[in-house]
Amino acid sequence: MVEANGITLYYETHGDGPPLVLILGLGADVSVFQPFVRDLAAHHRVLAFDNRGAGRSAKPREPYTVPMMADDTAGLIQAVGMAGADVMGLSLGGRIAIELAVRHPELVGRLVLVSTAARVIRTPRRFLVMHVLTRIRRGGGRYPQPRYAFVRQRQAAERYDGRPALSRIHVPTVILHGRADRSTPFFLAEELRDGIAGSTLVPFTGGHRFLLSGDERQRFHDELAAFLAT
């Protein structure tokens with residue numbers, strides 16, 4: 001645990017090698033992503049943590065914002081001495097990573113944006129999925145997320161529009177995104193590519209969680225390794 005930006009954050013570090021900060025998505029905590037973290041830790045020193053409102057981190061009841069969560073991340077990075085690390089953000093974590101690169105560019109080496117976008121499109125399917133998830137306790141791991149905390153995270157994601165900030169990102173950036181992603185349609189990944197100068201978009205055939213299972217899991221790690229080796 002560490003105090004960062006006025007709250008307590010739970011974190012873990014795994015592996016050796018170049019530092020890599022992993023920012024998780026809506027409702028997620030480190031206990032759910034252990035296999036993924038182990039894969040990353042084969043080649044990196046991975047800093048993985050529970051965002052405010054999730055897992056073993058503090059769950060304040062006041063509204064959350066993406067900039068607030070980026071400042072949480074910055075405080076954690078500074079507290080554990082990993083300034084200049086590469087940063088990977090998944091889904092909501094990608095929005096947090098975008099804000100981190102804008103607000104604290106000195107802390108970010110390279111940026112990896114996965115299944116994410118600078119804004120949320122409220123499609124009918126997304127509305128239905130969010131409605132269902134809001135009505136149940138979130139979390140598939142050992143630390144279920146209280147409903148109010150899930151709502152706070154969801155509202156932070158939905159109220160964020162990072163498009164004006166994209167031109168202020170000046171670190172090497174890769175965008176990894178599934179063409180079949182119905183939660184975050186592929187054109188939003190193209191919007192990221194067009195907004196971040198010099199960024200690269202790598203398409204996959206799968207959906208929002210393409211990186212976690214199936215045939216594309218290994219390709220994801222290969223593409224990640226190639227980018228981080230540059």
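Just so we're clear, the structure is a prediction, and the values are computed from it rather than from any experiment.
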Checklist entry - Any ion pair linking Asp39 and Arg217 (charged N to carboxylate O, less than 4.0 Å)? => result yes

Next on the checklist: Quick one, Glu99 with Arg95, criterion salt bridge (Lys or Arg N to Asp or Glu O under 4.0 Å). Give me CA distance, side-chain angles, the key distance, then yes/no.
Outcome noted: CA-CA 6 Å; Glu99 250 334 91; Arg95 297 180 185 91; over 6 Å; no

Checklist entry - Should Arg168 and Arg103 count as side-chain neighbours, where that means a heavy-atom distance under 4.5 Å? => result no

Next on the checklist: Nearest 0.5 angstrom please: Leu192 CG to Thr116 OG1, how far?
Outcome noted: 6.5 Å

Checklist entry - How about Val112 and Val114: do any of their side-chain heavy atoms sit closer than 4.5 Å? => result yes

Checklist entry - Does Arg219 make a cation-pi contact with Phe204, if we ask for NZ or CZ under 6.0 Å from the ring centre and within 45° of the axis? => result yes

Next on the checklist: Once rounded to the nearest 0.5 Å, what's the spacing between atom CE of Met69 and atom CD1 of Ile7?
Outcome noted: 8.0 Å

Item to check | Short side-chain to backbone donor-acceptor contact, Arg179 and Gly207, under 3.5 Å | outcome: no

Checklist entry - Got a donor-acceptor contact below 3.5 angstrom from the Arg152 side chain to the Gly53 backbone? => result no

Item to check | Atom of Asp50, atom of Arg56 and distance for their closest heavy-atom approach | outcome: OD2-N, 2.8 Å

Next on the checklist: Between Arg110 and Leu228, is there a side-chain heavy-atom distance shorter than 4.5 Å?
Outcome noted: yes

Checklist entry - With the threshold set at 4.0 Å, does a side-chain nitrogen-carboxylate oxygen contact exist between Glu191 and Arg119? => result yes

Item to check | Atom pair CG (Leu176) and CG (Leu211), whose distance is rounded to the nearest 0.5 Å | outcome: 8.5 Å

Checklist entry - Considering only heavy atoms from C-beta outward, does the side chain of Leu47 approach that of Leu20 to under 4.5 Å? => result no

Checklist entry - Is the side chain of Tyr148 donor-acceptor paired with the backbone N or O of Lys59 at a distance under 3.5 Å, no angle test? => result yes

Checklist outcome for this item: Rounding to 0.5 Å, atoms CG (Leu26) and CG (Leu90) come to a distance of 12.0 Å

Checklist entry - Who passes side chain to side chain donor-acceptor pair (under 3.5 Å) against Glu190, sequence neighbours left out? => result none

Checklist entry - Side chains of Ser31 and Asp29: is there a donor and an acceptor less than 3.5 Å apart? => result yes

Item to check | Nearest-0.5 Å distance, CG of residue Leu92 to CZ of residue Arg154 | outcome: 12.5 Å

Next on the checklist: Tell me the closest heavy-atom pair linking Ile77 and Ala83, and the distance in Å.
Outcome noted: CG2-N, 3.7 Å

Next on the checklist: Using every non-hydrogen atom in the two residues, find where Arg45 and Thr13 come nearest and quote the distance to one decimal.
Outcome noted: NH2-CG2, 4.1 Å

Item to check | Steps toward side-chain contact (heavy atoms from CB on, under 4.5 Å) verdict (Leu224, Met88) | outcome: CA-CA 10 Å; Leu224 176 66; Met88 179 192 302; 3.4 Å; yes

Item to check | Over 12 non-hydrogen atoms of neighbours within 6.0 angstrom of CG in Asp194 | outcome: yes

Item to check | Side-chain donor-acceptor pair present, Asp72, Asn5, cut-off under 3.5 Å | outcome: yes

Next on the checklist: Can you give me the closest heavy-atom contact between His177 and Thr184, atom names plus distance?
Outcome noted: NE2-O, 2.7 Å

Checklist entry - Does the pair Val171 and Ile169 meet the rule for a side-chain contact (heavy atoms from CB on, under 4.5 Å), with working shown? => result CA-CA 6 Å; Val171 298; Ile169 296 176; 4.0 Å; yes

Checklist entry - Judged by atom type as modelled, is there a donor-acceptor pair below 3.5 Å linking the side chain of Ser115 to the main-chain atoms of His208? => result yes

Checklist entry - Would you say Glu216's side chain and Gly206's backbone share a donor-acceptor pair under 3.5 angstrom? => result yes

Item to check | Tyr64 backbone acceptor or donor facing Gln153 side chain under 3.5 Å | outcome: no

Next on the checklist: Are more than 12 heavy atoms, taken from residues, nucleotides or ligands other than Asp215, located less than 6.0 Å from that residue's CG atom?
Outcome noted: no

Item to check | Under 3.5 Å side-chain donor-acceptor pair for Asp86 and His44 | outcome: no

Item to check | Centroid-centroid under 6.0 Å between His221 and Phe36 rings | outcome: yes

Next on the checklist: For a quick test of reading the model, state the closest non-hydrogen atom pair linking Ala85 to Val21 and the distance between them.
Outcome noted: CB-CG2, 3.8 Å

Next on the checklist: If you compare all heavy atoms of Val120 against all heavy atoms of Ala157, which two are closest, and at what distance to 0.1 Å?
Outcome noted: CG2-O, 3.4 Å

Item to check | Side-chain donor/acceptor of Thr65 to backbone N/O of Pro63, under 3.5 Å | outcome: no

Checklist entry - Is Asn51 reaching over with its side chain to a backbone N or O of Ala54, donor-acceptor style, under 3.5 angstrom? => result no

Checklist entry - Does atom NE2 of His43 have more than 12 heavy-atom neighbours from other groups under 6.0 Å away? => result no

Checklist entry - Just by distance, do the side chain of Ser57 and the backbone of Arg52 share a donor-acceptor pair under 3.5 Å? => result no

Checklist entry - Got a second to check how far Leu24's CG is from Phe49's CZ, nearest 0.5 Å? => result 7.0 Å

Next on the checklist: Could you check whether any side-chain N or O of Ser199 sits under 3.5 Å from a backbone N or O of Gly195, counting only pairs where one atom can act as donor and the other as acceptor?
Outcome noted: no

Checklist entry - If you measure only the distance, is there a donor-acceptor pair under 3.5 Å linking the side chains of Glu12 and Tyr10? => result yes

